[in-house]
Amino acid sequence: MDIRIVFFVICAYFMIHCPAQAPVKEVHISGDFVLGALFPIHGSKDGTCTSQVNEQDGIQILEATIFAISEVNTYLKGKGFSLGLLARDSCYDTNIALENALEFAQKRYNSQSNRFENCTYSSTDANNIIGVIGPPRSKETVDVAKLLTLFKVPQISYFATTPELSDNVKYKYFKRTVPSDTFQAKALVSIMRSFDWQNASILYEDSNYGIEGYTEIRAAAGDAGISLGFDKKVKESSNEDELEKIVEDLMKKKITNGKVVAILFMQYDLAYRIMEMVDKLYNSSDVIWVGGDAWIGREPPSGHTKIIEGAIGISPETRKYPGFAEYFKKINISNSPNPWYGEYLKQRYGCSLTDKKNSCSDMPIRDFRELLTAYNVRNAVYSFGRALENIHTLLCGEKRSLCQSMKANLTGELILQHLSNAFNPFNTSFHFVNCDDGPIRYSVLQYKRQQNDYRWIEKGNCYGKVLIRKTMNGSEYTSSVCSQPCKKGQYRSRGEVCSWEFKDCDFTGTLRLPRKYCIVLCVGGSGNPT
């Protein structure tokens, strides 16, 4: 079907007929070419943005993008053109993300020479969108990727990891700077093998991220001889009573030494709701929390440090974004294009946006802690910048300005082709694997107390299929097995929770014969009843 017909149908379906859009909060940085971006600045409830600001995945990632745009423009200056940004709040909501993605697609189409003339926009540079960054979550990204592929708009997510998105036929215009969960599952199982955890439970969210991740983890665990004795799919909308029942079932699955090994493969908010419920009803120190990239590496909510102490898991490789921390500490309301920055300060420090006595205007950032996966969004911005730089060289030669050929021929197909070949853009060590996914590089992180403070500590790295241990040995963790060897004077009995339970034999006299309830006698401690 002709894309102009599809465009008309979508406009008609949403009953907008391409009118001028009402003003919305957004970051707009001018440039000859513009990147659209979708970040979860706020959460959502019942399809409406909440007032809660996401400090790490929202504000930090947005500011990292703004910083990356400024860096790329220093490289592009010699080419005589610049890269801009149009960032919107996706509120962790699929419908909101789609609404904004549709507008990005309209602006992209409007910037082309064969644009649909019934749709009229102002001639500002914001129309000249050449690609989209985000959203981070697989849940929103899958639908956004389908829409943008229809309009041939290249898209790079910096954190969507569901294996479904590796289908480069269905999602031809989609790329990501992180690896697929297929590899994360193997890395998680590698951790479990390192600690000799032979039995664990898993809770996973009801989404493509959770379901596909669970499938991959179960397959990898099976190959490694690890039993997932209890598994449960959890809805994001679960109420407190439903979570309480899930937690009660989970806590029945104790293994040796009275511990529960629990894998939480779900988003940040849902993971902490479960951990809070365990802490409320039980002793949270009885659980060894194991996590995936959706919450591992992120700072816990205030007051939750004790709850997750000792948690361990996998995150796409963590590293500092050079210069970003220094940049962030200098931001204030007056010098940032970020319209949500004041909300962030008010939420974090309790300052006022109206009262001069406790104004947020001059509030210093006293306790900034960098999200160590922020550089993944930098890689996305850098890749678009390098693709444009290479296209300029191809179409404009050595000309230090935009040429007519580049203005007329900058198609989605051409941008996509050069994104695939954006190898180590601007002196970084990044490249797309198989032209679509990020490199298979993970960090093993554990949340521990260090020098009177709690923080995520890197314990090892996973590159490809190899686990590179750092300080994994000598851990305080114990084995997670259902059947330790019998001690003298014990017998194994089939238990309700795990494979076996141990009971002391009740001996009579010097012959060491069991009474009628002592079925077998373990005399040698070999682990097998004799």
Side-chain angles (χ1 to χ4, degrees), residues 26-41 54-79 81-90 104 125-126 128-136 154-160 175-178 316-331 335-341 344 365 368 370-392 415 418-419 422-432 438-439:
E26 62 186 17
V27 173
H28 181 202
I29 299 174
S30 295
D32 295 290
F33 303 106
V34 177
L35 288 178
L38 296 170
F39 303 123
I41 305 300
N54 292 316
E55 298 183 8
Q56 297 175 85
D57 293 317
I59 297 297
Q60 270 208 50
I61 293 296
L62 170 57
E63 291 293 350
T65 305
I66 294 171
F67 182 53
I69 290 284
S70 67
E71 289 187 306
V72 165
N73 282 330
T74 62
Y75 290 104
L76 297 181
K77 189 175 181 180
K79 294 288 186 178
F81 68 93
S82 62
L83 184 62
L85 179 70
L86 186 64
R88 295 276 182 86
D89 186 358
S90 61
F104 290 158
D125 67 340
N128 202 12
I129 287 179
I130 51 89
V132 173
I133 290 177
Q155 174 193 7
I156 303 178
S157 174
Y158 53 90
F159 227 78
K175 297 183 185 298
R176 54 186 165 193
T177 56
V178 289
E317 185 181 34
T318 57
R319 61 173 66 177
K320 286 187 177 294
Y321 179 176
F324 176 56
E326 292 75 13
Y327 158 83
F328 197 95
K329 291 173 184 177
K330 294 177 182 177
I331 301 171
N335 68 12
S336 174
N338 178 356
W340 302 286
Y341 193 72
Y344 157 71
I365 303 299
F368 175 71
E370 181 178 339
L371 179 62
L372 295 180
T373 51
Y375 78 98
N376 287 314
V377 79
R378 176 207 68 175
N379 291 338
V381 176
Y382 275 28
S383 296
F384 272 114
R386 171 52 62 85
L388 290 174
E389 183 183 54
N390 290 343
I391 292 170
H392 182 275
I415 297 169
H418 283 270
L419 279 175
F423 192 81
N424 297 343
F426 307 123
N427 304 316
T428 62
S429 58
F430 173 79
H431 66 280
F432 290 107

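FYI, side chains are in, hydrogens and waters are out, and symmetry mates aren't considered; it's all heavy atoms of this structure.
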Could you tell me whether the side chain of [Y] reaches within less than 4.5 Å of the side chain of [X], counting heavy atoms only?
{"X": "I59", "Y": "F328", "answer": "yes"}
{"X": "F159", "Y": "I61", "answer": "no"}
{"X": "T373", "Y": "T318", "answer": "yes"}
{"X": "Y382", "Y": "E71", "answer": "yes"}
{"X": "L388", "Y": "F81", "answer": "yes"}

Go through the steps to decide whether F368 and Q60 satisfy the test side-chain contact (heavy atoms from CB on, under 4.5 Å), and finish with yes or no.
-> CA-CA 10 Å; F368 175 71; Q60 270 208 50; 3.6 Å; yes
Would you say the side-chain atoms of N335 pair up with the backbone N or O of K330, donor to acceptor, closer than 3.5 Å?
->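 Checked: pair present.
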Report yes or no: does N73 contribute a side-chain atom to a donor-acceptor pair with the main-chain N or O of I69 at less than 3.5 Å?
->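 Side chain of N73 to backbone of I69: a pair is present.
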Given the rule in the side-chain contact (heavy atoms from CB on, under 4.5 Å) test, do L38 and F104 qualify, once you have shown the distances and angles that lead to the verdict?
-> CA-CA 10 Å; L38 296 170; F104 290 158; 3.8 Å; yes
Gap between atom [atom2] of [Y] and atom [atom1] of [X] - 0.5 Å precision:
{"X": "H392", "Y": "D32", "atom1": "NE2", "atom2": "CG", "answer": "9.5 Å"}
{"X": "F324", "Y": "E370", "atom1": "CZ", "atom2": "CD", "answer": "6.0 Å"}
{"X": "I415", "Y": "N390", "atom1": "CD1", "atom2": "CG", "answer": "12.5 Å"}
{"X": "N424", "Y": "R386", "atom1": "CG", "atom2": "CZ", "answer": "8.5 Å"}
{"X": "L85", "Y": "L62", "atom1": "CG", "atom2": "CG", "answer": "7.0 Å"}
{"X": "L76", "Y": "L83", "atom1": "CG", "atom2": "CG", "answer": "6.5 Å"}

Centroid separation F33 to F384 less than 6.0 Å |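 No, the ring of F33 stays outside the 6.0 Å limit from the ring of F384, centre to centre.
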Taking every non-hydrogen atom, the tightest pair across [X] and [Y]:
{"X": "V178", "Y": "A160", "value": "CG2-O, 3.8 Å"}
{"X": "F39", "Y": "A87", "value": "CE1-CB, 4.0 Å"}
{"X": "V27", "Y": "P339", "value": "CG2-CD, 3.6 Å"}
{"X": "Y375", "Y": "E317", "value": "OH-O, 2.6 Å"}
{"X": "I130", "Y": "L35", "value": "CD1-CD2, 3.6 Å"}
{"X": "S383", "Y": "F432", "value": "OG-CE1, 3.8 Å"}

Evaluate side-chain contact (heavy atoms from CB on, under 4.5 Å) for V377 paired with T177, printing each intermediate quantity in order.
-> CA-CA 8 Å; V377 79; T177 56; over 6 Å; no
Is the NZ or CZ atom of R378 positioned over F67's six-membered ring, under 6.0 angstrom from the centre and within 45° of the axis?
->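 No cation-pi geometry.
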Step-by-step side-chain contact (heavy atoms from CB on, under 4.5 Å) determination, V381 to I133 = CA-CA 8 Å; V381 176; I133 290 177; 3.5 Å; yes
Going by atom types alone, do S429 and R319 pair a side-chain donor with an acceptor below 3.5 Å?
->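 Distance-only check passes for S429 and R319.
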Between Y341 and E63, does any side-chain donor sit less than 3.5 Å from a side-chain acceptor?
->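 No, no side-chain donor-acceptor pair sits under 3.5 Å.
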